[in-house]
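A note on names: the letters A, B, ... follow the listed sequences, proteins ahead of strands, and every chain is numbered from 1.
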Protein chains: 2
Amino acid sequence: MAESVVLDTVDLQILRLLQNDARTTYRELAAEVGVAPSTCLDRVTRLRRTGVILGHQLRLDPAKLGRGLEALLLVQVRPHRRELIGPFVERIRALPESRALFHLTGPDDYLVHVTVADPADLQRLVLDEFTSQREVARVETRLIFQQWECGPLMPPGAGPSLSAV
Amino acid sequence: MAESVVLDTVDLQILRLLQNDARTTYRELAAEVGVAPSTCLDRVTRLRRTGVILGHQLRLDPAKLGRGLEALLLVQVRPHRRELIGPFVERIRALPESRALFHLTGPDDYLVHVTVADPADLQRLVLDEFTSQREVARVETRLIFQQWECGPLMPPGAGPSLSAV
DNA sequence: GCTGAAATCTGTCGGCG
DNA sequence: CGCCGACAGATTTCAGC
């Protein structure tokens, strides 16, 4: 599980470029980074094998899919025991409205990022899937005005090379 | 901006498959969906052009990049006026630790998802980039025990067809 | 890590239903 | 008008060095 991975500048440049556009061809990567296309393929294959790259994801516009309203739900699950939170997590993950789920420290045990059609849809979701459940002690709903994805994920102090576990 | 988009079962199947693996070839998509590869290309091109597909993203493992600790920061920005929140948002987005930023309703104005190396790194981030700033009235830090991405994003009541805006 | 070549894929085009 | 099938160009992938 704790496999050691060493990343050099070539790896980091490739990752930065692919985060900018995950469909960049090996040819283009090679031209930018200054190595052969096959080397880029080798690097990317290794980054996938070692688990640095987890996968390629499609970014969709929820509004275009009829889910123009987004919200974060802060949820207390009580009692906070494995027998209850296991099924809770699986149930929430399976909801078509759920985009992401976080298990947190602090007064709220879980944060759920949901996408719904409109306020009525959100109300239905909160009432039918959260507050109606025995293990859900409290739900706090926060609407999302706007959201931003931030810059590329890079190692701290992105020097010329580093080792991570 | 409010371009009308109609999605049929073929589009929805393609989106579902591409969310599972964004690098699925048109050939494979065609085989699964039961249409010609060129038709899949046409559909995907149209989905890109109409803004349903926003782009292709690389999913990376923060832990493998030396950012094994993740947290959510709840931030109050006061006074909550455009002159202050504009620069605040840009500054937070530019931090290498920031993964995502949400502008919310409720007592906390912003939620920031951050990835750091360790608790000392988190402490530095909170003190130097948040509480030290004049406009930041309050910061609440919640560590992330575990997180899950949820199922594919699909339209509400994913019937055989739908129209979205 | 590179080169080069084979296999595969992408994207275009004209035609068909 | 959208779907199909074939084609040319580009990309991926794999030996061998």
- Taking the side chain of L41(B) as its heavy atoms from C-beta onward, which of dT11(D), dC14(D), dT12(C) lies nearest to it? dT12(C)
- Message: When you compare the side chains of Q147(B) and E70(B), does any donor N or O come within less than 3.5 Å of an acceptor on the partner?
- Response: yes
- Under 4.0 Å between a Lys/Arg side-chain N and an Asp/Glu carboxylate O for R23(B) and E28(B)? no
- Mind calculating the distance between CZ (R27(A)) and P (dT8(C)) to the nearest angstrom? 20 Å
- Message: If I take atom OH in residue Y26(B) and atom P in nucleotide dG9(D), what distance separates them, rounded to the nearest angstrom?
- Response: 20 Å
- Note on the structure: To the nearest angstrom, the CD1-P distance between I14(A) and dG1(C) comes to 9 Å
- R46(B) has an atom CZ; how far is it from atom C1' of dG11(C), in whole Å? 17 Å
- Note on the structure: 5'-most contact on DNA chain C (nearest-nucleotide basis), D42(A) vs R23(B), goes to D42(A)
- Query: Do the rings of F88(A) and Y110(A) sit parallel, tilted or perpendicular, given the 30° and 60° boundaries?
  - Reply: tilted
- Note on the structure: Picking from dC4(D), dT12(D), dC2(C), the nucleotide nearest the side-chain atoms of T39(A) would be dC2(C)
- Message: In whole Å, I'd like the distance from the CG atom of L29(A) to the P atom of dA10(D).
- Response: 18 Å
- Ignoring the backbone of R43(B), work out which of dG4(C), dG1(C), dG2(D) is nearest its side chain. dG2(D)
- Item | Salt-bridge criterion met for E135(B) and R91(B) (N-O under 4.0 Å) | yes
- Query: Base, sugar-phosphate, or nothing: which does T25(A) touch, judged by heavy atoms less than 4.0 Å apart?
  - Reply: sugar-phosphate
- Task: Mind calculating the distance between CD (E28(B)) and P (dA7(C)) to the nearest angstrom?
- Result: 19 Å
- Tell me which nucleotide among dC4(D), dG2(D), dT3(C) gets nearest to the side chain of A36(B). dC4(D)
- Could you check how far CZ of R48(B) sits from C1' of dG11(C), rounded to whole Å? 13 Å
